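The structure displayed is predicted, hence computed values, not measured ones. The chains referred to below are lettered A, B, ... by the order of the sequence lines, with proteins before strands, and numbering in each begins at 1.
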Amino acid sequence: MRFPRGARLLRHADFERVYKQGRRHFSAHMTVFYLRRSEGAGLRVGFTVSKMLGGAVQRNRMKRRLREAVRLEAAWNSAAVDVVINPKKSVATADFAALRTEISRAFEVIQKSVGR
RNA sequence: CAGCCGGACCGGACGGUCGCUCUCGCCGCAUUCCGCGGCGCGGGAGGAAAGUCCGAACUCCGUAGAGCAGUGUGCCGGAUAACGUCCGGGAGACUGGCUUCAAGGUCAGUCGACGGAAAGUGCCACAGAAAACAUACCGCCUUCGUUCUUCGGAACUGGGGUAAGGGUGAAAAGGUGCGGUAAGAGCGCACCGCCGCGGCAGCAAUGCAGCGGGCAGGGCAAACCCCACACGGAGCAAGACCAAAUAGGGAGGGAUCUCGGGUUCGCCCGAGGACGUGCCGGCUCGGCGCGUCAAACCUCCGGGUAGGUCGCUAGAGCCGCGCAGCAAUGCGCGACCCAGAGGAAUGACCGUCCUGGCGGAGCAAUCCGUCAGACAGAAUUCGAUUGGCUGGCGAGUGU
RNA sequence: UGGGCCGUCGACUAAUGGUAGGUCAAGUGCCUUUGGAGCACUUUGUCUAGGUUCGAAUCCUAGCGGCCCAG
């Protein structure tokens, strides 16, 4: 499964829209925001890792691990949904298998809530 | 142990699968353009990219003048694009050895923000008589005065001399020795220190010896300050180009703020006021401007935001050799191309091995399990500075 | 990218270059039938390393940590 740039959420305006109008799903290592898009198709995922979570090394590591977990677990054939993941500090050190199961559960919830 | 030199050492090593990003090539889609997607070859974090602080490149803005601020640097010479960096040298300080009565000299090592205290101001607690145009507390002396006297001399709220001795302090108006004196004193002499003069050596800082002078007056400028020198401001979110949506800006008409003048009665010219505001990029003086002094409405015209493209990586580059130089470094020749993202590219998993810690088994070699393998990641570029680990040397000095 | 500020007992704060002080907290004792309150006493500190100075929390340099502002 690939995870190219086109499937990423990159625009500031998109992030703002998801935060303001979207729904939230909480879990142990992260908070997931999601919002159904009216146009286009397919899933788009973005990450927000603020400076409070550590230096550049820590933050880049969190993003890489999350990207890999999303690449392996996301439901790619879903409807047009924008997702933003806010990690917590434990993402840098947690077991990678736990991250995978958590991401997988989060997408199940999103599918149920948005799919209908 | 400090020190010096080196390191092609630091997400341990090798292999595999999947994925990310960039250049190039090919293919497909859209083809009105920007483009979107796939496949393949290749490139893809560090000595310090990070932090720090200083300097430069580059870019834009500014640049009539005078004065005052402000900031930084501060022995000398050199290197460099430049520096507060680097290299070399010299005063000076500290520690130890030798020498000397001592001061001092000399050798070795380490440090070395080091212009001016004879421009001015300020500070120097406690202690001490006195802490800065010096001073007489205890002492010491007395050729002075008075009193007493056993006529030897003794005493004093007395006068005078004295900076040798005591004591205080971080610091008390050169040091040591000899002479000298009533007691003392650079009062005299020798050596050392200091000041001045010219000489020699050196590019210079400075050093060396000589001559002359008995000798100037504390410390602090990493206190204010003075002197010399340097400094326009901002920073790749600089800046250039293209350019939505929405909102809004400017010009002219509409339409004379006041006074004066003119008038073809449309308005025009000159002077002035009030308010607001811009520049001389910190301030002042002084100066140069600009706008408004009715709104709706009508006509015409920029510019900018989101976003995109460029800037954006071949360079004060890196490696090797030679030459010049004590060195920093420079010059010459050869070879090489080595990241360019932009919500921001290096990750995940598997296997084998290495090193270390912990636990267990074993007499032991060893085996099993588990955890870990620095600091940290390009954000315009470059120079400088600030780590850990490790290998070698370790003469001399200290313990 | 540029600029500014701050680190003092466990907590909050003072201190012209000259003995680091106060409040609360903590501990011990007194008082009280007990607890609280009160009283007395005690403990503990200048972020780190160098330097200037006779003397540094203060001045200088370097490092560590934290906060804030502008675009």
Side-chain angles (χ1 to χ4, degrees):
Chain A
M1 202 61 231
R2 303 188 72 250
F3 186 17
R5 187 160 284 272
R8 299 270 303 283
L9 207 59
L10 301 173
R11 289 278 149 261
H12 180 74
D14 294 334
F15 279 85
E16 285 294 306
R17 197 177 59 248
V18 173
Y19 280 132
K20 284 190 174 160
Q21 302 168 23
R23 300 175 56 85
R24 277 173 284 177
H25 169 75
F26 301 96
S27 62
H29 298 301
M30 65 198 79
T31 304
V32 182
F33 296 75
Y34 58 95
L35 176 69
R36 176 162 199 158
R37 247 177 311 139
S38 52
E39 307 170 354
L43 183 68
R44 293 197 300 174
V45 184
F47 307 96
T48 296
V49 185
S50 80
K51 269 191 181 166
M52 291 163 63
L53 295 172
V57 175
Q58 295 295 315
R59 284 184 279 131
N60 282 336
R61 179 156 180 81
M62 290 181 201
K63 281 189 275 187
R64 286 169 189 150
R65 300 190 87 192
L66 285 173
R67 265 206 309 277
E68 183 67 12
V70 167
R71 184 177 76 84
L72 294 168
E73 298 297 332
W76 292 105
N77 50 358
S78 79
V81 182
D82 285 347
V83 177
V84 176
I85 297 177
N86 284 21
K88 296 172 185 172
K89 262 188 183 170
S90 52
V91 167
T93 52
D95 192 55
F96 190 75
L99 284 184
R100 287 183 66 165
T101 55
E102 202 168 290
I103 293 277
S104 144
R105 270 194 49 79
F107 277 101
E108 274 177 40
V109 170
I110 291 168
Q111 287 290 84
K112 250 185 234 169
S113 167
V114 174
R116 270 181 294 172

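With a glycosidic angle more than 90° from 0, B:rG72 adopts the anti conformation. With a glycosidic angle no further than 90° from 0, B:rA45 counts as syn. Taking 90° from 0 as the syn/anti boundary, the base of B:rC338 is oriented syn. For B:rU313, the base adopts the syn conformation, since its glycosidic angle falls within 90 degrees of zero. Taking the syn range as angles within 90° of 0, the glycosidic angle of B:rG47 is syn.
Counting to the nearest Å, the P atom of B:rC349 and the CD atom of A:Glu68 are 8 Å from each other. Atom CG of A:Asn86 is separated from atom P of B:rG343 by 17 Å (rounded to the nearest Å). Counting to the nearest Å, the C1' atom of B:rA348 and the CG atom of A:Leu66 are 12 Å from each other. Separating the CZ atom of A:Arg64 from the P atom of B:rG377 is a distance of 12 Å, rounded to the nearest angstrom. As rounded to whole Å, 14 Å separates atom C1' of B:rG343 from atom CG of A:Asp82. A:Arg65 has its CZ atom 15 Å from the C1' atom of B:rU346, to the nearest Å. At whole-Å resolution of the value, CD1 in A:Ile103 and P in B:rA348 are 15 Å apart. What separates NZ of A:Lys63 from C1' of B:rA345 is a distance of 10 Å, to the nearest Å.
The base-pairing partner of B:rA108, taking Watson-Crick or G-U wobble contacts with both distances under 3.5 Å, is B:rU95. For C:rA40, the paired base is C:rU28 (Watson-Crick or G-U wobble, both distances below 3.5 Å). Pairing partner, B:rA335: none, since no Watson-Crick or wobble contact has both distances short of 3.5 Å. Remark: B:rG266 base-pairs with no nucleotide in the shown strands. Criterion, Watson-Crick or G-U wobble with two distances under 3.5 Å. With a 3.5 Å ceiling on both atom-pair distances, the Watson-Crick or G-U wobble partner of B:rG158 is B:rC144. Using N1 to N3 plus N6-O4 or O6-N4 for Watson-Crick, or N1-O2 and O6-N3 for G-U wobble, each under 3.5 Å, B:rG239 pairs with B:rC310. Searching all strands for a Watson-Crick or G-U wobble partner of B:rU355 with both distances below 3.5 Å returns B:rA372. Under the Watson-Crick or G-U wobble criterion, with both distances below 3.5 Å, B:rC191 is paired with B:rG175.
A:Pro87 and A:Met62 get closest at one heavy-atom pair: CG-SD, 4.5 Å.
Residue order along RNA chain B, read from the 5' end via each residue's closest nucleotide, puts A:Gly46 first among A:Gly46 and A:Arg67.
Using P as the reference atom, B:rG334 and B:rA2 are 48 Å apart when rounded to the nearest Å. One P atom belongs to B:rU305, the other to B:rG276, and the distance between them is 32 Å to the nearest Å. Of the C1' atoms belonging to B:rC265 and B:rC279, the separation is 42 Å, rounded to the nearest Å. Taking atom C1' in both B:rA113 and B:rC220, one finds a spacing of 16 Å when rounded to whole Å. Across C:rA57 and B:rA223, the matching P atoms stand 15 Å from one another, rounded to whole Å. Rounded to whole Å, the separation between the C1' atoms of B:rC312 and B:rA238 comes to 14 Å. As rounded to the nearest Å, B:rC60 and B:rG43 have C1' atoms that lie 35 Å from one another. Atom C1' of B:rC126 sits at a distance of 9 Å from the matching atom of B:rG169, rounded to the whole Å.
For the side chain to side chain contact (heavy atoms under 4.5 Å, CB included) criterion with A:Val32, the lone passing option out of A:Ile110, A:Val45, A:Asn86 is A:Ile110.
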*Check the pair A:Ser27 / A:Arg105 against side-chain contact (heavy atoms from CB on, under 4.5 Å), numbers first and verdict last.*
CA-CA 9 Å; A:Ser27 62; A:Arg105 270 194 49 79; over 6 Å; no
*Please walk me through it: do A:Phe47 and A:Val70 pass side-chain contact (heavy atoms from CB on, under 4.5 Å)?*
CA-CA 11 Å; A:Phe47 307 96; A:Val70 167; 4.1 Å; yes
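Residue A:His29 holds its NE2 atom at 13.0 Å from CD1 of A:Ile85, rounded to the nearest 0.5 Å. Taking OH of A:Tyr34 as the start and CD of A:Gln111 as the end, the distance is 11.0 Å to the nearest 0.5 Å. With rounding to the nearest 0.5 Å, the separation of CZ in A:Arg67 from CZ in A:Arg71 is 11.0 Å.
With B:rA348, B:rG19, B:rG343 as the candidates, the nucleotide lying closest to the side chain of A:Arg8 is B:rG343.
Within the 4.0 angstrom heavy-atom criterion, no nucleotide atom of any strand lies near A:Arg100.
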